[in-house]
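Here is the structure we will look at, set down as structure tokens.
Note that this is a predicted model, so its numbers are computed, not measured. In each ligand, atom 1 is the first atom listed, and ligand 1 is the first ligand listed.
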Amino acid sequence: MRETFLVQTVLTRDVSVAAAFIRAGGIVAFPTETVYGLGANVFNKNAVAKIFEAKGRPADNPLIAHVASIEQIEELVTAVTPTAEIFVKVFFPGPLTLVLPKSHRVPLIATAGLETIGVRMPRFELAHQFIKACRVPVVAPSANLSGRPSPTTWQSVLEDLDGRIDCILQGDATQIGLESTVVDCTGEVPMLLRQGAVSLRDLQAVVPETIEYTPLLGATPRSPGLKHRHYTPKADVVIIQTLESEMIIPGSAYIGLDQATLSQPISHAKVCGSVEEYAHSLFEFFRECDRLNIDTIYCEEVPRAGIGAALMDRLSRAAAE
Ligand code: TXA
Ligand code: MG
């Protein structure tokens, strides 16, 4: 049992060192353009089990398989549906995950018992090099302890998983900062399951019939991950339009776009120059607030357009606790 988690976590910038751990059945955190992932060889059941154990991830939450080539997609799925083919052409490599019917080679532990699998081809060069060097598709959830904000720096991976995983491939902070868009391509029409940097409008521009999934009350969610706790700092998250002076009390923090906040006496604030920067900074800001024992984080509301839709999705989930 790895219950005591006495693994020595190796830090490296060398793709071949990190990939050797995957080929030996280990688990490795690596950067992508969205967030850091915690990877294992998709075809190795024991290695995949270690991911669930290290993260404390519920066994009913399926993993995304990451590929470095189109050929690797064919190892994972029984069919690339016509709409999925269009999305692959337009958005791969990039921050988009397509859910497709899985091939029998993929163990059910990787998909949490589902007959479908999420497939994504990261566009971040270091991720691409790493997956290529692994020579197998790499299943990877975000490299955080279950329930915590996804890590966007290797230091945050270390904070959560030191001693629990074999290796961290060190790269820069991730560019986008929010997890990939997830689209189910197994049905009649593509269904957006999770918002990300590829927006509903981007998807509809190439496949107009794409719809957004809205869970019916009490029904089993299509994307099992959606029912679990997510993205949450220890502090209360409160979504606001503007920071009012009475909100500024000891133990409160602010993140948003409002430059006027810079002149306010709030002890911890991050004023972003754009919605993209806001999205990129959010999870790391949540973690900083935890380190500072902040009680309440005020987060400015943004229009639900472009990456703003994904940002508001994560903020609403964090605020719903
Ligand atoms: O950007 C990302 O997607 C990052 C990086 C590492 O690639 N990964 C990531 O993985 O965010 P994770 O496990 O934290 O989130 C995966 C989401 C979950 O909501 C899960 O339920 C959904 O994708 N998902 C995975 N496979 C699925 C499937 N077969 N059917 C429906 N939803 C699926
Ligand atoms: Mg996650």
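- Among Asp160, Thr152, Thr153, the single residue meeting the side-chain contact (heavy atoms from CB on, under 4.5 Å) criterion with Arg287 is Asp160.
- The closest heavy-atom contact to atom 5 (C) of ligand 1, among the options Ile176, Thr111, Thr34, comes from Thr34.
- Within the set Met191, Arg57, Arg120, the minimum heavy-atom distance to atom 13 (O) of ligand 1 is found for Arg57.
- A donor-acceptor pair under 3.5 Å is formed between the side chain of Arg57 and the backbone N or O of Asn61.
- Distance NE2/His128 to CZ/Arg123: 14.0 Å, rounded to 0.5 Å.
- At a threshold of 2.8 Å, the Mg ion (ligand 2) has a backbone or side-chain N, O or S atom of Ser142 nearer than that distance.
- At least one heavy atom of His66 lies less than 4.0 angstrom from ligand 1.
- A side-chain contact (heavy atoms from CB on, under 4.5 Å) with Pro95 is found for exactly one of Ile307, Val35, Val198, Thr174, namely Val198.
- Lys50 contributes a side-chain N or O that, together with a main-chain N or O of Gly25, makes up a donor-acceptor pair within less than 3.5 Å.
- Interface of Ser142 with ligand 1, defined as ligand atoms under 4.0 Å from a residue heavy atom, comprises 8 (N), 9 (C), 10 (O), 12 (P), 14 (O).
- Near Pro141, meaning under 4.0 Å from one of its heavy atoms, ligand 1 places the atoms 10 (O), 12 (P), 13 (O).
- At a threshold of 4.0 Å, the pair Arg314-Glu179 counts as salt-bridged, since one of the basic side-chain nitrogens sits closer than that to a carboxylate oxygen.
- Near Arg194, with a cut-off below 4.0 Å to any heavy atom, the atoms of ligand 1 are 2 (C), 3 (O), 9 (C), 11 (O), 15 (O), 16 (C), 17 (C).
- Screening residues 25-35 for salt bridge (Lys or Arg N to Asp or Glu O under 4.0 Å), with sequence neighbours left out, gives Glu33-Arg120.
- Residue contacts with ligand 1 include Ile64, since one or more of its heavy atoms lies under 4.0 Å from the ligand.
- Considering both main-chain and side-chain atoms, Thr116 comes within under 3.5 Å of ligand 1 through a nitrogen or oxygen pair.
- Set against the non-hydrogen atoms of Gly37, the atoms of ligand 1 under 4.0 Å away are 6 (C).
- The proximity of Asp184 to ligand 1, defined as any non-hydrogen pair under 4.0 Å, does not occur for either the backbone or the side chain.
- In terms of polar-atom proximity, Asn61 is counted as a contact of ligand 1, with an N or O under 3.5 Å from an N or O of the ligand.
- Looking only at side-chain heavy atoms (C-beta outward), Phe30 and Tyr36 stay at 4.5 Å or farther from each other.
- Between Ser180 and ligand 1, an N or O atom pair is found at a separation short of 3.5 Å.
- The distance from ligand 1 to the heavy atoms of Leu114 drops below 4.0 Å at these ligand atoms: 28 (C), 29 (N), 30 (N).
- Across Thr116, Thr186, Leu100, a single residue satisfies side-chain contact (heavy atoms from CB on, under 4.5 Å) together with Val77, and that is Leu100.
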List, one per line, each side-chain donor-acceptor pair under 3.5 Å for residues 247-259, sequence neighbours excluded.
unit_1, atom_1, unit_2, atom_2, d
Ser252, OG, Met247, O, 3.4
Ser252, OG, Ile249, N, 3.2
Ser252, OG, Ile249, O, 2.6
Tyr254, OH, Leu257, N, 3.4
Tyr254, OH, Asp258, N, 3.2
Tyr254, OH, Glu300, OE1, 2.8
Asp258, OD1, Ala260, N, 3.1

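- Short contacts between ligand 1 and Pro62, defined as distances under 4.0 Å to a heavy atom of the residue, involve ligand atoms 20 (C), 21 (O), 24 (N), 25 (C), 26 (N), 27 (C), 28 (C), 33 (C).
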